[in-house]
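Contents: one structure, followed by commentary.
In this text, all values refer to a predicted model and were calculated from it rather than measured experimentally.
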Amino acid sequence: MNGVELFLLGRTLMKIGEQAMPQAESGSPGSVRSVLVVLGDLVSHPGTTVGEIAARTGLPQSQVSTAVARLQEAGSVDTRPDPADRRRRLIHPAANPSARVAEVRAATIDDALAAALADPDGAAPHPDTLREVVDALDVLSRHLTPAVATRTRARRPGIEAR
């Protein structure tokens, strides 16, 4: 596998993940990816600001602000004034996540993964194939956490860590 193949695999996995998430009954449309990137960064860096998240993730500050607003609306995050500068807000994962957060966390990838692995004619994948892919994803998820990507980017010569 080369870098291009890995990149394309990552995009495919993101699309399957997006399809696996239950749709909100209401709320503003927008990129699920940016919301997930922001939430992932926030879990690793609680008590952070929009600007700090933008710097670490490479997302535009406006996109981070929109994602934080969506997460706050969904009950995933809380914001508090920064004691050092009351004009700034510090963002924290919510102490008591909402029912929507519980719904998203409880959703499985089973149907989306089965649809992605279906034959071109729509026939369901063989159970052994499905099990093999799920097992591979479990291994990858244990070893390739969001923190790994940050460490890898920081170690590559010529690439600045964000």
Next item on the list: Flag the pair Leu90 / Pro83 as yes when at least one side-chain heavy-atom distance between them is below 4.5 Å, and no otherwise.
Entry: yes
Check: Can you list the steps and then say if Val38 with Arg70 is a side chain to side chain contact (heavy atoms under 4.5 Å, CB included)?
Finding: CA-CA 11 Å; Val38 168; Arg70 289 182 66 199; over 6 Å; no
Check: Pro125 and Ala114: which non-hydrogen atoms are nearest, and at how many Å?
Finding: CD-O, 3.5 Å
Checklist line | Minimal non-hydrogen separation, His92 against Gly47, with atom names | finding: CE1-CA, 3.2 Å
Check: Listed by chain and number, what are the side-chain hydrogen bond (donor to acceptor under 3.5 Å, both in side chains) partners of Asp85, not counting sequence neighbours?
Finding: Arg87
Notebook entry, point to check: Below 4.5 Å, heavy atoms only, C-beta onward: do Gln61 and Val50 meet side chain to side chain?
Noted result: yes
Next item on the list: Would you indicate whether the side-chain heavy atoms of Leu137 and Leu13 approach each other to under 4.5 Å?
Entry: yes
Next item on the list: Can you see which heavy atom on Ala67 is nearest to which on Ser34, and at what distance?
Entry: CB-O, 4.0 Å
Check: Does anything in residues 125-139 pair up under salt bridge (charged side-chain N to carboxylate O under 4.0 Å, His left out), and if so which pairs, sequence neighbours excluded?
Finding: Asp128-Arg131
Check: Under the 3.5 angstrom rule, does the side chain of Asp119 hit a backbone N or O of Asp121 as a donor-acceptor pair?
Finding: no
Notebook entry, point to check: Quick one: salt bridge (charged side-chain N to carboxylate O under 4.0 Å, His left out) partners of Asp78, sequence neighbours excluded?
Noted result: none
Notebook entry, point to check: Counting only heavy atoms not in Asp111, do more than 12 sit closer than 6.0 Å to its CG atom?
Noted result: no
Margin query: Checking the side chain of Arg89 only, and the main-chain atoms of Thr79 only, is there a donor and an acceptor separated by less than 3.5 Å?
Written below: yes
Checklist line | Cluster overlap Leu9 with Ile109, hydrophobic side-chain contacts below 4.5 Å | finding: yes
Next item on the list: Specify the closest pair of heavy atoms between Leu130 and Leu117, including all atoms of both residues, with the distance to one decimal.
Entry: CD1-CD1, 3.7 Å
Margin query: We want to know whether Arg56 and Thr48 form a side-chain donor-acceptor pair, criterion being a heavy-atom distance below 3.5 angstrom.
Written below: yes
Item checked: Nearest atoms (heavy-atom pairs only) where Ile91 meets Leu42 -> O-CD1, 3.2 Å
Item checked: Cluster link Phe7 to Ile16, ILVMFWY, side chain under 4.5 Å -> no
Notebook entry, point to check: Do you know which two heavy atoms are closest between Thr108 and Ala20, and how far apart they sit?
Noted result: O-CB, 3.7 Å
